[in-house]
Amino acid sequence: MNQVILYTIISLSATGVAAAIILFLIAQRFRVIEDPRIDDVEDALPSANCGGCGYAGCRNFAEACVKAENMSGLFCPPGGNDTMANVAGILGMEALEQDPEVAVVRCSGSFACRPRTNQYDGATSCAVASSLYAGDTGCQWGCLGHGDCVRPCEFDAIHMNPETGLPEVVDEKCTACNACVEACPKDIIELRKRAKRDRKIFVSCINEDKGGIAKKSCSVACIGCGKCEKVCPHDAITIENFLAYIDPVKCKLCRKCPPVCPTNSIHEIGFPPRKPKPEPVAKTLEAGESDEPTKKEDKK
Amino acid sequence: MRTFRLGGIHPPDNKITAGSSIRELPVPEQVSIPIFQHIGAPPKILVERGAEIKVGEPIASSEGFISAFIHSSVSGKVIKIDKVTDISGYKRMAVVVKVDGDSWQDGIDRSPELKKEIKIEPQEIIQKVLQMGIVGMGGATFPTHVKLSLPRGKEADYLLVNGAECEPYLTSDHILMVERTNEILCGISIMMKALNVEKAIIGIENNKPDAIARLTECARDFKGIEVAGMKVKYPQGGEKQLIKTLIDREVPSGGLPIDVGAVVFNVGTMFAVYEAIQKNKPLIERVVTITGKDMKDPGNFMVRIGTPVSSLVEAAGGLPESTGKVISGGPMMGKALNSLDVPIIKGTSGVTLLPEAESSRKEIQNCIRCSKCVTVCPMGLEPYLLMALGEREMFERMEDDKAMDCIECGSCSYICPSNRPLLDYIRLGKVEINKLRRARKN
Amino acid sequence: MGFVTVSPSPHEHTQGSVPKLMYGVLIALLPAFLVSLYVFGIGALIITLTAMVSCLAFEYLIQKYLLKVTPSISDGSALITGILLAFCLPANLPIWLVILGSFVAIAVGKMSFGGLGNNPFNPALVGRVFLFISFPVQLTSWPEPIVNRLSYLDASTGATALATMKEGMKNSESIPEIMAGIPAYTDMFLGKISGSAGEIAAIALLLGLVYMLIRKIITWHIPVSIFLTVTLFTGILWLANPAKNPDPLFHLLSGGLMLGAIFMATDYVTSPMNTRGMLVYGVMIGIITVVIRVFGSYPEGVQFAILIMNAITPLINKYVKPRRFGERLEDG
């Protein structure tokens with residue numbers, strides 16, 4: 001009995017040693033010599049593999065960085081400027097600063113503002129729905145609400161609000177990786193310059209219908225009236241196809257445009273509450289406004 | 001009994017309107033004629049707001065090779081050229097005409113008398129088919145003159161005519177075959193001349209014995225036209241399935257019917273060709289089946305292009321209280337409409353109203369891997385796999401698994417015992433694969 | 001009229017559903033159950049009911065309290081697992097073993113993979129093989145047919161045809177000698193033999209097959225390819241040496257081959273997804289079964305053959321594709 005155990009131990013150990021030697025030799029023979037800096041760069045990255053840089057994953061991005069002659073065109077949105085400075089340091093190159101950005105949902109057609117006109121009953125996917133038809137409301141531009149933007153987010157930074165049926169971005173978590181922007185078949189989500197204290201002013205609508213049609217389908221649609229364009233002191237607002245757009249670079253966040261918008265489609269977020277002014281602001285407040293908590297606070 | 005071999009299903013027939021003869025739908029007060037009525041490039045609009053037009057006057061001319069002319073289906077005044085919700089579910093360009101009387105353009109022969117003698121040459125036929133705005137009327141709306149212009153080096157030896165009408169509910173082709181038999185046969189002869197083929201076969205499913213009998217009888221007077229009865233099986237009217245059934249040839253993956261020497265047309269198109277060539281009448285009206293289990297007076301109507309679906313529904317006794325879904329086309333491949341104001345177009349073979357009880361899909365359950373979707377797929381694909389890949393956005397793998405061969409017949413979604421939206425994701429995959437292919441080319 | 005519904009085509013759906021298919025299989029199992037009631041009486045009733053109830057209970061409890069999803073026991077799949085498990089157990093098996101087998105079948109074989117549709121192995125077979133390996137004695141003492149209808153645990157036991165055959169071969173007896181101790185083929189066909197509860201009557205199982213084929217619950221490919229392979233393989237052996245090998249009919253009628261080929265190999269979840277794959281799968285099951293029966297140490301091999309092929313099914317699905325339309329056989 002003892003002998004059997006002994007033989008077993010000896011033979012198994014011998015097999016193990018032999019296998020180890022063979023594996024060692026093979027590993028030596030077929031070793032892939034890689035630039036060690038790739039590992040260093042990869043370690044410096046957030047390893048979220050979100051694809052925001054345009055490469056398949058962090059490893060691919062690291063390889064691209066090591067191969068590149070300068071850092072132009074290489075940027076890791078989740079890591080931001082700090083990470084890129086580290087990466088550039090490892091590679092002995094100059095980092096190119098980029099303004100941090102944040103995803104913004106440009107539709108505020110909640111259930112209350114945008115009445116349903118039919119019932120969608122297909123696969124729960126915005127891509128499927130949008131290839132079928134305009135959507136279950138009168139607005140063919142707006143959010144379909146099936147959450148295609150939520151699924152690809154690696155950072156848990158965008159959620160559907162069941163009360164409004166619209167996605168909401170958590171600014172602190174958003175890394176501007178672009179995944180939701182690409183996922184949205186209606187191109188509603190946009191990356192905009194991230195300002196101090198996450199303040200932002202933007203037109204929360206992409207409806208290019210004529211004012212009357214837009215307003216009929218959604219009470220908070222931009223009707224392209226041009227009031228904001230006139231009031232803007234920085235030439236940041238343009239109107240094209242009955243739709244206002246605020247250029248995030250030109251906009252100085254002066255807060256002149258939101259009060260003049262007759263449909264409340266310009267949102268201002270992250271600002272202290274406005275002081276009550278003698279001007280009849282109340283006139284611009286109309287139905288549907290009650291659905292926007294952020295806006296309500298701002299107006300008060 | 002003739003039929004295709006691979007896959008196929010037997011959905012309930014529901015041909016409520018079979019045998020109800022074609023009625024003329026009164027011209028509505030206003031029509032919106034969409035510019036997008038066919039596959040290919042949108043045509044160029046020829047009229048301006050305020051213009052007075054007559055029936056049959058061209059209002060848009062084809063732009064590029066794969067495109068088609070569009071003619072006014074009414075006489076009156078163009079009141080606007082604007083975006084109108086059409087069958088795509090989106091607002092797209094259309095010419096809106098306020099109807100005033102019914103005066104036709106000169107040169108259009110509106111008499112019912114049959115003109116059998118074909119006087120013009122093949123090249124002229126193709127030219128005329130283009131100018132008369134003829135497109136495939138089975139639903140795909142592919143411009144007919146493109147099919148007639150065979151690629152260099154390819155030759156057709158069979159002209160196949162699709163009278164299968166395998167789609168449940170619809171009977172517009174059926175009634176056309178019964179009531180316009182000689183016109184269709186004459187249209188086929190014209191197409192045979194244009195394509196320089198000796199043999200034509202009309203494939204009709206056996207649930208239309210009157211159409212088979214009538215066509216067989218009349219076909220004796222025409223040279224080279226054979227009428228073939230086919231076993232009832234969906235999707236027999238699919239182009240590739242029809243070719244397999246009638247001449248036992250399989251169009252290779254990614255290929256066209258001409259690759260196996262066949263050209264396929266719908267019977268409706270043959271009638272339109274006859275009218276265009278022999279009567280000089282552009283494609284401005286078509287037979288549309290309006291049907292539904294709860295409809296008061298369902299039937300087959302001759303409808304001017306651009307007529308809103310609501311007028312058709314009115315003519316058939318009004319919208320039933322129970323309506324839950326309005327489909328342009330039949331229930332298998334038709335498109336659900338989000339509004340009754342959508343205009344009838346050249347490809348609208350019917351409007352089917354489903355009661356509320358039949359409108360919603362059932363709850364989706366786990367795939368139990370029963371392989372029924374694979375068994376019924378007429379293209380030999382694996383829908384369960386394609387859907388899983390589509391959900392995970394693995395479009396390259398979908399392409400490797402031949403997703404582009406899918407003919408979107410819906411047999412897989414129909415048969416799935418777990419009510420899974422198989423076709424939804426396959427269709428999505430096809431769109432994405434097309435994008436990938438375009439990106440690869442550039 | 002409310003809002004119209006808009007959805008992608010098709011807008012029509014078959015009346016078929018998962019429960020309908022599953023209850024169809026249950027109906028197909030009915031003849032075999034009746035025969036087992038006739039042959040083994042109260043024992044068959046006890047183990048079948050126990051297995052069905054415990055499978056349902058385990059599925060319900062696991063879904064409700066562990067997975068916290070809406071229990072889906074009404075779809076009938078747990079019932080089938082229960083019946084199939086009972087059908088390949090001896091009718092005199094103690095109740096606690098049946099319950100243990102049901103637990104392994106449902107908890108380990110099915111739910112641990114995510115429930116119906118996700119299990120790689122046939123749950124009933126997982127339960128049965130677990131019991132077979134853990135409790136070989138209890139699993140290989142079958143009650144005598146007909147005589148024990150009113151006794152359950154204290155039934156007198158007999159040997160199955162396959163066990164007799166294996167035993168005889170071990171003792172180098174010739175086939176005619178062994179055959180003398182084996183019931184006549186007509187008895188085997190009608191089920192008047194000793195064996196597991198549901199596997200004994202070929203005729204009842206074939207009736208079930210015909211029903212499932214007519215209702216289009218399954219296709220012919222798997223069972224027929226198994227039968228043909230077994231016939232062919234054992235036929236060759238028999239022709240080569242009739243003194244040492246029993247004829248193909250013996251193999252077809254004995255043991256769990258019919259039950260396995262008709263009801264277990266055809267399990268939707270664990271069998272290949274297209275007819276070409278099904279043929280490969282069936283042929284391989286046939287070969288492995290015969291190899292185990294003839295050359296292995298176990299008298300019966302169907303269950304192992306099916307489990308082995310279950311493991312290979314994903315590979316078959318990956319490499320054996322259906323015949324695509326337009327794929328030309330002659331020019332590849």
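In what follows, chains are A, B, ... by sequence order, proteins preceding strands, each numbered from 1. Any value given below was found using the heavy atoms of this structure, including those in side chains, with hydrogens, waters and symmetry copies removed.
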Tell me, yes or no, whether the heavy-atom count around A/Glu240 atom CD, taken from other residues, nucleotides or ligands under 6.0 Å, exceeds 12. no
Scan chain A against chain C and return every donor-acceptor pair whose distance is under 3.5 Å.
| residue | atom | partner | partner atom | Å |
| --- | --- | --- | --- | --- |
| A/Gln119 | N | C/Val4 | O | 2.8 |
| A/Gln119 | O | C/Val6 | N | 2.6 |
| A/Asp121 | N | C/Val6 | O | 2.9 |

Can you sort out the partners of A/Val170 under side chain to side chain contact (heavy atoms under 4.5 Å, CB included), two or more places apart, ordered by chain and number? A/His159, A/Glu172, A/Lys173
Who are the side chain to side chain contact (heavy atoms under 4.5 Å, CB included) partners of C/Ile133, not counting sequence neighbours? C/Val129, C/Phe304
For A/Glu42, salt bridge (Lys or Arg N to Asp or Glu O under 4.0 Å) partners two or more places apart: A/Arg59
